[in-house]
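Notes to accompany the following structure.
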Number of protein chains: 2
Amino acid sequence: MEKPTEYMGVKEIARRANVSIATVDRVIHNRTGVSKKTRTKIMAIIEELNYQPNILASRLASRKTLHLAILIPQSQETDFWAAPLKGIQRAESEIKQYGVQISPYHFDLSDKHSFAEQGKRILAAGVDGVLLAPSFLEEATQFSQDCQKNNIPFVYIDSTLPHQANLCYIGPPLYQSGYLGARLLTFGLARPGKVGVVNISKEVANYNYLPIEEGFRAFFREHQPEKEILRVDIGQTDYASVAAGLAVVLATHPDLAALFVTNSRVSTVATFLEATNRQHLLLIGYDFLPENVAHLRQGTIDFLICHQPEEQGYRGIMALYQSLVFSASIDKVHFMPIDIITEENHEFYRN
Amino acid sequence: MEKPTEYMGVKEIARRANVSIATVDRVIHNRTGVSKKTRTKIMAIIEELNYQPNILASRLASRKTLHLAILIPQSQETDFWAAPLKGIQRAESEIKQYGVQISPYHFDLSDKHSFAEQGKRILAAGVDGVLLAPSFLEEATQFSQDCQKNNIPFVYIDSTLPHQANLCYIGPPLYQSGYLGARLLTFGLARPGKVGVVNISKEVANYNYLPIEEGFRAFFREHQPEKEILRVDIGQTDYASVAAGLAVVLATHPDLAALFVTNSRVSTVATFLEATNRQHLLLIGYDFLPENVAHLRQGTIDFLICHQPEEQGYRGIMALYQSLVFSASIDKVHFMPIDIITEENHEFYRN
DNA sequence: CTGAAAGCGCTTACAG
DNA sequence: CTGAAAGCGCTTACAG
């Protein structure tokens with residue numbers, strides 16, 4: 001450790017401008033109560049010196065805590081949301097030393113109202129920024145507009161909404177993710193046979209993940225237009241429902257050769273294939289969940305696609321922090337990579 | 001932003017212990033000059049209060065700059081090393097506000113002596129920590145031991161050395177990476193034919209990447225022991241040499257169906273395959289370099305394997321920072337994930 | 001072995 | 001519209 005270079009701070013600016021440091025501070029923070037003339041002069045000096053405020057001193061002196069809220073689903077059924085939460089906690093532990101505090105608000109993925117309710121609680125609590133998963137179109141839109149009205153910056157993760165004032169979206173490029181899924185399917189599918197797209201979701205039209213199926217179909221349209229693609233919709237997420245749904249489809253289409261599950265429920269499908277001795281079917285699905293990984297190791301699931309959910313949580317918090325503390329400019333869209341996980345590389349994957 | 005909770009700092013500790021804050025400071029930093037009795041008493045209070053020093057105040061008051069050095073190859077031929085450098089710079093921009101300064105030292109990958117020389121310069125400059133690529137067995141061992149003697153923590157990236165006092169290794173699990181390469185090869189290789197492992201390197205025995213080939217061969221030994229694997233060694237990295245080497249092999253073994261290039265020079269092989277109309281050969285290689293990506297998009301390269309070199313640089317610096325500033329404990333080995341890059345997902349990959 | 005005091009670079013009332 | 005002064009929580013000579 002060694003001594004730094006000469007100091008170029010508010011004191012020096014004040015000296016050159018022949019004012020007090022309080023006035024310099026006012027200009028730096030764009031506060032009122034400075035004559036136009038003085039302001040101009042000080043700004044010129046700041047420019048000239050290429051002054052960078054000392055964040056350490058600034059945050060120490062101001063003694064302010066930054067309050068951030070997160071609004072994400074309660075972990076349930078699958079623990080997909082455990083990963084973003086972990087990333088959020090990692091971010092928190094890194095920046096809490098600099099005075100950041102994070103309050104979690106969880107909603108129930110099968111209850112729109114819980115989202116709206118928790119949103120209201122956040123607004124009432126009065127926070128400085130929000131990280132959210134905009135899982136319900138209408139409720140999330142409403143909440144986003146409320147945030148905007150209150151000048152609270154907000155960040156989307158996992159999925160996004162169009163035409164909102166979100167600071168940024170940090171999540172997967174869903175269309176291309178589905179497209180890659182189709183590519184992996186054909187890569188491993190030398191033999192003929194039909195392909196099934198499996199949607200397992202309680203919500204009739206889960207708008208969030210629609211682009212995945214679009215991308216999937218686009219690939220076949222472009223590369224194998226003659227390939228028959230079956231759509232398998234299963235409206236319940238329990239094993240019995242999934243098994244029943246698949247049994248029907250497989251009875252009707254015995255030449256089904258591959259299944260693409262559009263979300264993390266792929267393990268349920270894998271369990272069914274194992275139970276009915278159909279491991280030879282090619283199976284691809286989403287997310288690095290323990291039960292999915294177990295079937296990957298069994299060889300029943302051939303590929304898992306994953307979008308680094310932990311990193312989404314981490315980067316979402318960091319985007320808010322950088323924006324609020326350093327007034328850093330943030331890219332409106334930050335696409336996560338589309339990761340391919342196999343039996344061979346899974347042990348080094350970290351969400 | 002809101003007011004924080006009540007203060008629990010050195011002042012409070014000093015009050016409770018009935019000493020001055022200077023003495024408290026001495027205990028906190030484990031300095032000499034405190035009676036055993038006082039020390040014990042203060043430590044108990046610190047324990048009781050679960051005191052966490054305010055890093056902001058600490059670094060502001062100490063006015064010290066942390067000097068880190070990086071010792072990595074000069075970017076040349078390929079720009080593989082541009083990526084770690086980028087990650088290092090990203091880390092620097094994040095922590096320079098907290099008084100960290102990074103000095104780059106570059107060596108020539110085809111000149112061991114340049115490594116030793118730059119290492120000496122670093123030692124002479126007297127730094128607080130070093131991030132290095134231990135590219136030369138003997139020289140890197142020597143340098144590591146010198147660092148240890150001087151109590152300078154050092155971190156390895158990209159490859160590692162056994163039995164050294166490095167703070168940690170941040171890089172790929174090479175053996176498993178080669179193993180995955182073989183898996184991808186067989187996945188796409190429905191047809192029969194021989195498989196070639198291509199080593200393109202000026203160094204006769206590039207110890208760094210040997211485990212890749214071992215892992216590759218292990219997969220075939222375990223899954224397809226009858227498969228014939230050719231070894232193709234090319235001692236020069238220019239296109240003419242590579243083309244000549246490949247031409248000979250392909251003439252002798254016309255049934256060669258797939259090539260696995262153990263490093264980032266795979267684009268040279270791709271160029272040759274394109275020039276001789278052999279795009280149908282399966283081709284897998286390493287690293288997300290522009291020229292490799294170009295051949296991936298052409299379809300000549302089927303898969304690129306990559307180990308997030310930018311992240312290696314970033315995390316390497318952060319490990320040093322966390323260790324030096326926060327005395328954080330660091331995992332000795334941090335394996336990077338083994339990423340699979342295809343034509344379909346490459347645009348979202350960021351090293 | 002211990003303490004009083006100045007200072008790090010900035011922010012925040014408060015007074016004018 | 002502007003400034004003097006106290007203070008953020010810690011570190012650093014310096015004096016004893």
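Convention: sequence-line order gives letters A, B, ...; per-chain numbering from 1.
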Practice task
Could you say whether A:Ala57 or B:Gly33 is positioned toward the 5' end of DNA chain C, judged by the nucleotide with the nearest heavy atom to each?
Solution key: B:Gly33
Handout entry: Sidechain-backbone polar pair: B:Lys332 side chain, B:Ala165 backbone, donor-acceptor under 3.5 Å
Key = no
Problem - Non-hydrogen side-chain atoms of B:Ile317 and B:Ile95 separated by less than 4.5 Å - result: yes
Practice task
Check every strand shown and say whether B:Arg39 touches a base, only sugar-phosphate, or nothing at a heavy-atom separation below 4.0 Å.
Solution key: nothing
Practice task
Tell me what B:Thr32 touches on the nucleic acid: a base, only sugar-phosphate, or nothing, going by heavy atoms under 4.0 Å.
Solution key: nothing
Practice task
Please report, rounded to the nearest Å, how far the P atom of C:dG9 is from the CZ atom of A:Arg15.
Solution key: 15 Å
Handout entry: Check: A:Pro309 and A:Lys86 side chains under 4.5 Å, non-hydrogen atoms
Key = no
Practice task
Go through C:dA13, C:dG3, D:dC10 for me and flag the one nearest to the B:Val19 side chain.
Solution key: C:dG3
Exercise for the section: Identify the residue among B:Leu167, B:Val333, B:Asn166, B:Leu131 that makes a side chain to side chain contact (heavy atoms under 4.5 Å, CB included) with B:Tyr156. Expected result: B:Asn166
Problem - Close side-chain approach of B:Leu320 to B:Val100, heavy-atom, < 4.5 Å - result: no
Exercise for the section: Hunt down the Watson-Crick or G-U wobble partner of C:dA4, both distances under 3.5 Å, from any strand shown, or write none. Expected result: none
Practice task
Check step by step if side-chain contact (heavy atoms from CB on, under 4.5 Å) holds for A:Gln322 and A:Ile330.
Solution key: CA-CA 8 Å; A:Gln322 299 280 338; A:Ile330 308 288; 4.2 Å; yes
Exercise for the section: Write down the partner of D:dA13 under the Watson-Crick or G-U wobble criteria, each distance required to be under 3.5 Å. Expected result: none
Fill in the blank from the handout: Here the distance between atom P of D:dC1 and atom CG of A:Asn18, to the nearest Å, is 19 Å
Exercise for the section: Classify the nucleic acid contact of A:Ile21 as base, sugar-phosphate or nothing, counting any heavy atom under 4.0 Å across all strands shown. Expected result: base
Practice task
Look at the side-chain N and O atoms of B:Ser20 and state whether any lies under 4.0 Å from the OP1 or OP2 oxygen of C:dT2.
Solution key: no
Practice task
Using atom NE2 of B:His29 as one end and atom P of D:dC10 as the other, report the distance to the nearest whole Å.
Solution key: 9 Å
Problem - Proximity to the side chain of A:Tyr51 - top-ranked nucleotide from C:dA13, C:dC10, D:dT12 - result: C:dC10
Completion exercise
B:Leu56 atom CG is separated from D:dG7 atom C1', nearest whole Å, by 15 Å
Handout entry: side-chain N/O B:Ser58 vs D:dC10 OP1/OP2, d < 4.0 Å
Key = no
Handout entry: Closest nucleotide among C:dT12, C:dT2, D:dC10 to the A:Ala22 side chain
Key = C:dT12
Problem - A:Thr38 vs D:dT2: side-chain N/O to OP1/OP2 distance below 4.0 Å - result: yes
Exercise for the section: Name the closest nucleotide to the B:Ser35 side chain, picking from D:dC10, C:dG9, C:dT2. Expected result: C:dT2
Handout entry: Nucleotide D:dC10, atom P - distance to CZ of B:Arg26 in whole Å
Key = 16 Å
Practice task
Take atom NZ of A:Lys11 and atom P of C:dG7, then tell me their distance rounded to the nearest Å.
Solution key: 8 Å
Handout entry: Per B:Leu60 side chain, nearest of listed nucleotides D:dG3, D:dT12, D:dG9
Key = D:dG9
Problem - Whole-Å distance separating the CD1 atom of B:Ile42 from the C1' atom of C:dC1 - result: 11 Å
Completion exercise
Considering only heavy side-chain atoms of A:Asn54, the closest of C:dT12, C:dC8, C:dC10 is C:dC10
Exercise for the section: Using only heavy-atom distances, decide whether a donor-acceptor pair under 3.5 angstrom links the side-chain of B:Arg59 to the base of C:dG9. Expected result: no
Exercise for the section: Could you tell me the separation between the NZ atom of A:Lys64 and the P atom of C:dA13, rounded to a whole number of Å? Expected result: 9 Å
